[in-house]
Amino acid sequence: MNIKELSIIGGGNLGSAIAEGLRKNDSFNEVGITVTKRDTSTIAYLSALNIALGNNNAEAASKADIIILAVQPGQMKEVLNGIKEELFPNKIIVSVATGFSISQMEEAIGTEIPIFRCMPNTAIAVQESMTCMASNEAGKSHCNTIEALFQPLGETAVIPEQLLQAATVLCASGIAFWMRFIRATTQGGIQMGFESEMAQKIAMQTCLGAATLLKKNHSHPESEIDRVTTPKGCTITGLNEMEHNGLSSAVIKGLNKSFEKITEIKTNQIG
């Protein structure tokens with residue numbers, strides 16, 4: 001990967017998290033990183049990480065090899081129109097905006113520019129994101145470059161563009177869903193007698209341990225569940241009580257409701 005300069009247009013939560021994650025990785029020590037935002041005072045802390053700040057999108061785009069667009073979908077057309085004079089076929093556009101399609105971007109800047117839509121999550125700031133990505137035809141020969149950009153920041157998956165909305169729910173919104181589950185187990189721990197800090201520590205590490213078991217063992221959740229359930233034991237009793245109260249059903253329904261909402265938002269944007 002030969003990236004000398006990278007610019008992130010949009011210094012909100014996700015744009016800032018991407019900048020932090022990149023700078024914290026040794027692979028990007030020599031890469032110049034710029035983040036733009038109308039009011040840079042809110043992201044002044046990034047300067048301590050040797051990240052340049054600015055509010056001129058065109059200037060940031062002109063010097064970058066890769067331009068990451070981390071703005072709201074409603075701002076995309078304005079941002080693309082503002083930087084399109086700075087784009088050449090050797091620059092790569094990466095959008096992390098929800099719901100703004102590759103064809104919409106091609107309409108604004110042309111089909112000859114390599115364009116990627118990527119959906120990371122805010123865990124990118126600690127190099128543990130799940131990033132799903134899709135590209136236009138011009139971007140296919142650059143897939144390895146964009147995967148190499150995000151792989152040090154977690155895991156990556158190349159998927160069809162039509163699945164990116166589902167990826168937004170499962171991967172980006174998924175951070176919030178898992179946070180709520182950790183919060184619930186923490187509250188349960190408090191009720192059983194732990195102080196809140198200790199309950200949260202146990203809940204967090206147990207969640208991490210469960211995910212790590214699946215990842216390292218290449219196993220299915222049910223096989224790992226079988227390892228810790230015994231006849232008439234406390235684990236199966238707790239699991240059955242959660243299921244009787246709709247745990248799996250509630251999670252699946254929540255995911256689908258979230259998917260319905262993002263589909264509605266997308267439909268309204270097109271309309």
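Residues Ser95 and Met76 approach most closely at OG-CE, 3.7 Å, considering heavy atoms.
Without hydrogens or angle criteria, Lys24 side chain to Ala19 main chain gives no donor-acceptor distance under 3.5 Å. Without hydrogens or angle criteria, Asn136 side chain to Ile115 main chain gives a donor-acceptor distance under 3.5 Å. Arg23 places a side-chain N or O within donor-acceptor distance of the main-chain N or O of Asn50, the cut-off being under 3.5 Å. In this structure, Ser258 contributes its side chain and Gly254 its backbone to no donor-acceptor pair below 3.5 Å. At distances below 3.5 Å, at least one donor-acceptor pair connects side-chain atoms of Gln75 with backbone N or O atoms of Gln72. Side-chain N or O atoms of Thr235 include one that pairs as donor or acceptor with a backbone N or O of Val228 at under 3.5 Å. Checked by atom type and distance alone, the side chain of Ser129 pairs as donor or acceptor with a backbone atom of Asn121 at under 3.5 Å.
Both Leu53 and Leu14 sit in one connected hydrophobic cluster of ILVMFWY residues. Membership requires side-chain heavy atoms under 4.5 Å apart, directly or through other members. Clustering ILVMFWY residues whenever any of their side-chain heavy atoms sit less than 4.5 angstrom apart, transitively, puts Val158 in the very cluster that holds Phe150. Follow the hydrophobic side-chain contacts under 4.5 Å out from Leu170 and you never reach Met130; the two are in separate clusters. Under a hydrophobic clustering in which Ile, Leu, Val, Met, Phe, Trp and Tyr are joined whenever their side-chain heavy atoms come within less than 4.5 Å, directly or via other members, Val126 and Ile182 fall into different clusters. Linking Ile, Leu, Val, Met, Phe, Trp and Tyr whenever their side-chain heavy atoms come within less than 4.5 Å puts Phe259 and Val251 in one cluster.
The side chain to side chain donor-acceptor pair (under 3.5 Å) check on Ser101 picks up Ser103, Gln104, with sequence neighbours excluded.
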Problem - Pair Ile68-Ser7, side-chain contact (heavy atoms from CB on, under 4.5 Å): steps then yes or no - result: CA-CA 6 Å; Ile68 298 177; Ser7 290; over 6 Å; no

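For the side-chain hydrogen bond (donor to acceptor under 3.5 Å, both in side chains) condition, no pair includes a residue of residues 173-200, sequence neighbours left out. Listed by first and then second residue, the side-chain hydrogen bond (donor to acceptor under 3.5 Å, both in side chains) pairs that reach into residues 241-252 are Glu241-Asn245, Glu243-Ser248, sequence neighbours excluded. Applying the side-chain hydrogen bond (donor to acceptor under 3.5 Å, both in side chains) test to every pair with at least one member in residues 209-222, sequence neighbours left out, gives these pairs: Glu155-Lys215, Asn217-Glu224, Ser219-Glu224.
Phe116 is not listed as a side-chain neighbour of Ile93, based on a closest heavy-atom distance of 4.5 Å or more. A 4.5 Å side-chain heavy-atom check between Val94 and Leu69 finds every atom pair outside the cut-off. Residues Cys143 and Ser135 have side chains in contact (heavy-atom distance under 4.5 Å, counting atoms from C-beta outward). Looking only at side-chain heavy atoms (C-beta outward), Leu149 and Thr145 stay at 4.5 Å or farther from each other. Looking at heavy atoms from C-beta onward, Glu147 lies in side-chain contact with Asn144 at the 4.5 angstrom threshold. Proximity of Thr131 to Leu153: side-chain heavy atoms (C-beta onward) are nowhere separated by under 4.5 Å. Looking only at side-chain heavy atoms (C-beta outward), Phe28 and Pro152 come within less than 4.5 Å of each other. For the pair Glu161 and Arg117, the minimum side-chain heavy-atom distance is below 4.5 Å.
Under the side chain to side chain contact (heavy atoms under 4.5 Å, CB included) rule, Lys4 has a single partner from Val31, Ile66, Asp65, which is Asp65.
The structure places CG of Leu49 at 11.0 Å from CG of Leu22, a figure rounded to the nearest 0.5 Å.
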Would you be so kind as to tabulate the donor-acceptor pairs closer than 3.5 Å made by side chains of residues 32-48, with sequence neighbours excluded?
| residue | atom | partner | partner atom | Å |
| --- | --- | --- | --- | --- |
| Thr34 | OG1 | Lys63 | NZ | 3.1 |
| Thr36 | OG1 | Asn57 | OD1 | 2.8 |
| Lys37 | NZ | Thr42 | OG1 | 2.8 |
| Asp39 | OD1 | Ser41 | N | 3.1 |
| Asp39 | OD1 | Ser41 | OG | 2.6 |
| Asp39 | OD2 | Ser41 | OG | 3.2 |
| Thr42 | OG1 | Asp39 | O | 3.1 |
| Ser47 | OG | Ala44 | O | 3.3 |

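Salt bridge Lys140/Glu137: present, at least one basic N to carboxylate O contact under 4.0 Å.
Hydrophobic cluster membership for Leu164: Met119, Ile159, Leu163 (Ile, Leu, Val, Met, Phe, Trp, Tyr linked by side-chain heavy atoms under 4.5 Å, directly or transitively).
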